[in-house]
Peer 1: 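Here it is, the structure in full.
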Amino acid sequence: MARLTVDISRATAASAAEISQLLEANSIAKGGELYGDWSEPVVERWLNDGMPVFVARIDNAIKGVLLTSEPHYLKSAPAVRMLEHVEQERTFYVYGPVCIARDVRGAGLLAKLWEASTSFHGERRAVLFINQNNPASLAAHARLGMAQLAAFQAGGRNYFVFGS
């Protein structure tokens, strides 16, 4: 793949529609791996509530997105179950979901988004859940230095908890 010029920045509410399109295109309902409702109103609420969201742009188009949040913000069944397996005495934030457009996967966007997230969150530990049937995501996050912490089930699916 040719070297791409990638701009990483914090997302604003003006990007909600484009972020939603990327996330929805990769949702479970569309054959992807992203759990949950990522409609435009949900993304707008995430952004308006001040949750740190990072985007990767190529030629001004959003090609990657990483949402992060505080643990209390999440209400989905997998997120709640994940938090049952995290050492609560450690300071952490919730990493994810993360989504990279199919046409630029493998081009280094995930590492750039991860770098922006760790720079923003400092020494805090990142925790996330990954569907056990998503070997590409499991491998990509292992390459970032994350490790499997636990396993759980939610909504009839099997997940791993990963952390930095």
Side-chain angles (χ1 to χ4, degrees), residues 1-83 92-122 124 126-131 133-141 143-144 146 154-157 159 162 164:
M1 182 174 283
R3 186 152 173 84
L4 302 171
T5 301
V6 180
D7 176 48
I8 304 293
S9 63
R10 286 278 305 271
T12 66
S15 301
E18 194 174 1
I19 292 169
S20 175
Q21 288 171 355
L22 178 59
L23 294 170
E24 287 285 316
N26 291 279
S27 69
I28 290 171
K30 300 269 176 76
E33 295 293 338
L34 292 182
Y35 181 90
D37 172 14
W38 295 107
S39 61
E40 188 174 343
V42 169
V43 174
E44 283 177 346
R45 186 170 44 254
W46 198 287
L47 291 165
N48 289 333
D49 286 350
M51 296 298 107
V53 176
F54 305 93
V55 291
R57 295 178 189 274
I58 299 172
D59 296 330
N60 292 321
I62 294 176
K63 293 293 192 167
V65 61
L66 168 58
L67 292 89
T68 68
S69 65
E70 296 302 321
H72 69 273
Y73 191 77
L74 302 178
K75 307 292 186 238
S76 74
V80 170
R81 292 279 294 135
M82 172 189 70
L83 294 175
F92 67 95
Y93 68 97
V94 179
Y95 163 108
V98 62
C99 183
I100 307 298
R102 285 182 178 91
D103 64 329
V104 292
R105 288 184 184 162
L109 275 68
L110 179 62
K112 291 176 186 296
L113 289 165
W114 169 241
E115 183 179 304
S117 174
T118 57
S119 177
F120 179 86
H121 289 286
R124 296 173 69 198
V127 296
L128 64 145
F129 64 88
I130 303 173
N131 188 318
N133 292 324
N134 189 345
S137 184
L138 294 168
H141 287 91
R143 282 192 300 274
L144 294 177
M146 295 183 182
R157 296 182 184 271
Y159 297 94
F162 266 59
S164 59

Peer 1: Tell me the closest heavy-atom pair linking Lys63 and Val104, and the distance in Å.
Peer 2: CB-CG2, 3.8 Å

Peer 1: Is a side-chain N or O of Lys75 found less than 3.5 angstrom from the main chain of His72, in a donor-acceptor match?
Peer 2: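 Yes, because the side chain of Lys75 sits within donor-acceptor range (under 3.5 Å) of the backbone of His72.
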
Peer 1: To check you understand the geometry: which heavy-atom pair defines the closest contact between Tyr35 and Ser76, and what is its length?
Peer 2: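 Minimum heavy-atom contact is CE2-CB, 3.8 Å.
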
Peer 1: Could you work out, with ring-ring contact (aromatic ring centres under 6.0 Å, His included) as the rule, every residue matching Phe54, not counting sequence neighbours?
Peer 2: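 Counting only residues at least two positions away or on another chain, Phe54 forms a ring-ring contact (aromatic ring centres under 6.0 Å, His included) with Phe120.
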
Peer 1: Can you give me the closest heavy-atom contact between Leu109 and Gly64, atom names plus distance?
Peer 2: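 Smallest heavy-atom distance, with atoms named: CD2-N, 4.2 Å.
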
Peer 1: Using a 6.0 Å cut-off, check whether atom CD of Glu70 has over 12 heavy atoms from anything other than its own residue.
Peer 2: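 More than 12 heavy atoms, drawn from other residues, nucleotides or ligands, come within 6.0 Å of this atom.
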
Peer 1: Specify the closest pair of heavy atoms between Asn48 and Ala13, including all atoms of both residues, with the distance to one decimal.
Peer 2: OD1-CB, 3.6 Å

Peer 1: Run Arg105 and Leu110 through side chain to side chain contact (heavy atoms under 4.5 Å, CB included) and show every step you take.
Peer 2: CA-CA 8 Å; Arg105 288 184 184 162; Leu110 179 62; over 6 Å; no

Peer 1: If you round to the nearest 0.5 Å, how far is CG of Leu138 from CE of Met146?
Peer 2: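 Output value for this atom pair is 12.0 Å.
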
Peer 1: Say you draw a straight line from CG of Leu66 to CD of Glu115; how long is it, rounded to the nearest 0.5 Å?
Peer 2: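 So the gap between those two atoms works out to 12.5 Å.
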
Peer 1: Please evaluate residues Asn131 and Ser137 with respect to the criterion side chain to side chain contact (heavy atoms under 4.5 Å, CB included), reporting the C-alpha separation (whole Å), side-chain torsions for both, the decisive distance (0.1 Å), and the verdict.
Peer 2: CA-CA 8 Å; Asn131 188 318; Ser137 184; over 6 Å; no

Peer 1: Under 3.5 Å, is there a donor-acceptor pair linking the side chains of Arg157 and Asn133?
Peer 2: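 The answer is no; no qualifying pair exists.
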
Peer 1: Go through the steps for Trp114 and Tyr95 under the test side chain to side chain contact (heavy atoms under 4.5 Å, CB included), then give the verdict.
Peer 2: CA-CA 9 Å; Trp114 169 241; Tyr95 163 108; 3.4 Å; yes

Peer 1: Excluding sequence neighbours, so at least two apart, what forms ring-ring contact (aromatic ring centres under 6.0 Å, His included) with Trp46?
Peer 2: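 Only Trp38, Tyr73 meet the ring-ring contact (aromatic ring centres under 6.0 Å, His included) criterion with Trp46.
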
Peer 1: Roughly how far, to the nearest 0.5 Å, is CG of Leu47 from CG of Leu67?
Peer 2: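 Going from the CG atom of Leu67 to the CG atom of Leu47 covers 7.0 Å.
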
Peer 1: Under 3.5 Å, side chain of Asn134 to main-chain N/O of Ile130, donor-acceptor pair present?
Peer 2: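 Not confirmed, Asn134 side chain does not pair with Ile130 backbone.
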
Peer 1: Report yes if some heavy atom in the side chain of Leu23 is under 4.5 Å from a heavy atom in the side chain of Val42; otherwise report no.
Peer 2: no

Peer 1: Mind listing the closest non-hydrogen atom pair of Pro71 and Leu83 along with its distance?
Peer 2: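 Taking Pro71 first and Leu83 second, the nearest heavy atoms are O-CD1, 3.6 Å.
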
Peer 1: Do His141 and Val98 come within less than 4.5 Å of each other through their side chains, counting heavy atoms only?
Peer 2: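 They are in side-chain contact.
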
Peer 1: Without swapping roles, check the side chain of Glu40 against the backbone of Ser20 for a donor-acceptor pair under 3.5 Å.
Peer 2: no

Peer 1: Would you say the side-chain atoms of Ser15 and Arg57 include a donor-acceptor pair closer than 3.5 Å?
Peer 2: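 Yes, because at least one side-chain N or O of Ser15 sits under 3.5 Å from a partner of the opposite role on Arg57.
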
Peer 1: So, taking the atom named OG in Ser27 and the one named CG in Leu22, what distance separates them when rounded to the nearest 0.5 Å?
Peer 2: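 That separation rounds to 11.0 Å.
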
Peer 1: Could you pull out all residues at least two apart from Tyr93 that satisfy ring-ring contact (aromatic ring centres under 6.0 Å, His included)?
Peer 2: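 Listed in chain order: His121.
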
Peer 1: Passes side chain to side chain contact (heavy atoms under 4.5 Å, CB included), Ile58 versus Thr5? Steps please.
Peer 2: CA-CA 6 Å; Ile58 299 172; Thr5 301; over 6 Å; no

Peer 1: Just checking Asp49: does its CG atom have more than 12 heavy atoms from other residues, nucleotides or ligands closer to it than 6.0 angstrom?
Peer 2: yes

Peer 1: Given Glu24, which partner from the list Leu34, Asp37, Ile19 fulfils the side-chain contact (heavy atoms from CB on, under 4.5 Å) test?
Peer 2: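 Option passing the side-chain contact (heavy atoms from CB on, under 4.5 Å) with Glu24: Asp37.
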
Peer 1: Quick check: closest heavy atoms across Gly50 and Arg10, and the distance to 0.1 Å?
Peer 2: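 In terms of heavy atoms, the two residues are closest at O-NH2, 4.1 Å.
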
Peer 1: To the nearest 0.5 Å, tell me how far Leu144 CG sits from Leu113 CG.
Peer 2: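 Answer rounded to 0.5 Å: 10.0 Å.
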
Peer 1: Any side-chain heavy atom of Val65 sitting closer than 4.5 Å to one from Val53?
Peer 2: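 Side chain of Val65 against side chain of Val53, heavy atoms only: contact under 4.5 Å found.
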
Peer 1: State whether the side chain of Ser164 and the backbone N or O of Ala126 hold a donor-acceptor pair below 3.5 Å, judged by distance alone.
Peer 2: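 Yes; at least one donor-acceptor contact below 3.5 Å.
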
